[in-house]
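Every chain is numbered from 1 and lettered A, B, ... according to where its sequence line falls, protein lines coming before strand lines. For clarity, every value in this text was computed on a predicted model and none was experimentally measured. Values below: all heavy atoms of this structure, side chains included; hydrogens, waters and symmetry mates excluded.
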Number of protein chains: 2
Amino acid sequence: MIDLDDGNPTEAREAALNRALEALHFAFRAVTARPDAMLADLGLGRIHHRILYFVGRAPEGSVGDLLAILGVSKQYLNRPLRQLQQVGYIHAAPDPADRRVKRLTLTPSGAELEAALTGDQRQRFARVFAEAGPEAEAHWRRVTALLAGPRP
Amino acid sequence: MIDLDDGNPTEAREAALNRALEALHFAFRAVTARPDAMLADLGLGRIHHRILYFVGRAPEGSVGDLLAILGVSKQYLNRPLRQLQQVGYIHAAPDPADRRVKRLTLTPSGAELEAALTGDQRQRFARVFAEAGPEAEAHWRRVTALLAGPRP
DNA sequence: TCATCTAGGTCAATCATGTTGACATAATAC
DNA sequence: GTATTATGTCAACATGATTGACCTAGATGA
């Protein structure tokens, strides 16, 4: 292992890196816990949240677009997407220019649910960033982006 | 990374918070991807990594300790733990003071595998922290700890 | 026009990850 | 000597997700 830490004893640095690793796990879990619980109350899963999120972010997208963004099989996407349409969270209209493709949008109640789910997460970030300050926010974003590596 | 939009509660700020949320997901995925791939090559899963990690961090722990830390059912823990013993990554010796409890430790090859798995993750953090600087590291740790919330 | 391609949908089998329930065994504690 | 504790194991089940095969409706091009 390369010692990237100038001056610190290796073992102590390793322990510090372990703590960073664990902190990432705990943060991730904390961020997803509440929306997961809300979804469970509605009999829905994380996949439904992901669908709502991406349809909200890219309205008028096609099923194929969603498939590519989510990275799941079409057979798996089909059922939760149908559920979301049936309970009125997502509206699907055929594209007039090519009636094979469906244009997906959130209904008002779908947007409301999405805001409750992702909104909880955004509020958590907003509170934390407000408490830590703008410089910490910028640094967090930079470090997290570096951890993620080059993105497509 | 020039997307902070400090303080305005507008759509732009919401988009910035969405980007933070997505960055967390991508970072988490990037950090876990390589160890997951290594484990898959060995026919093992994430649970094996978790076991190796916690046994490495707290040697001489009991099965019950591991159960409590991992938060899984004992029936589920049993199989992967047995596998790890069978292939010689983990050694279990009865506690001389109470021979019902097993004291779990990593074997040298178990420690080597653990170092390959978690070591990859530590190195990623080490590289990123080295590139971003100590102040960014401190800020990242603070923000991430705040995101995680109060920890037991 | 007709053959072919594309977007989407659906049935069925399968696999992985975990859970719960029930019960077994060995060792310790009272 | 009985009750309790630490661990192990069999079995059934739930959920999330995949692959393969096949289907329809609509678009497209020789």
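No donor-acceptor pair under 3.5 Å is formed between the side chain of A:S62 and the backbone N or O of A:K102. Within the 3.5 Å criterion, the main-chain N or O of B:A115 finds no donor-acceptor partner in the side chain of B:T118. A:T144 contributes no side-chain N or O that, together with a main-chain N or O of B:A27, makes up a donor-acceptor pair within less than 3.5 Å. Using modelled atom types, no side-chain atom of B:R122 and backbone atom of A:E14 make a donor-acceptor pair closer than 3.5 Å.
More than 12 heavy atoms of other shown residues, nucleotides or ligands fall within 6.0 angstrom of atom CD in B:E60. Applying the 6.0 Å contact sphere to CZ of A:R103 captures more than 12 heavy atoms from other residues, nucleotides or ligands.
Contact check for A:W140 versus B:L147: side-chain heavy atoms found under the 4.5 Å cut-off.
Within residues 44-80 of chain B, the residues that have a heavy atom under 4.0 Å from DNA chain C are, in order of number, B:G71, B:V72, B:S73, B:Q75, B:Y76.
Between the CG atom in B:L67 and the CZ atom in B:F54 there is a gap of 12.5 Å [rounded to 0.5 Å].
The aromatic rings of B:F125 and B:F129 sit tilted, their planes meeting at an angle between 30° and 60°.
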Could you write out each protein N or O paired with an N or O of nucleotides 24-27 of chain D at a distance under 3.5 Å?
| unit_1 | atom_1 | unit_2 | atom_2 | d |
| --- | --- | --- | --- | --- |
| D:dG26 | N2 | A:R100 | NH1 | 2.9 |
| D:dA27 | OP1 | A:R99 | N | 3.0 |

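Interface limits on DNA chain C: the 5'-most and 3'-most nucleotides within less than 4.0 Å of chain A heavy atoms are C:dT6 to C:dC11.
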Run the numbers on A:E137 and A:R141 for salt bridge (Lys or Arg N to Asp or Glu O under 4.0 Å), then give the verdict.
CA-CA 6 Å; A:E137 174 176 350; A:R141 287 179 184 270; 3.0 Å; yes

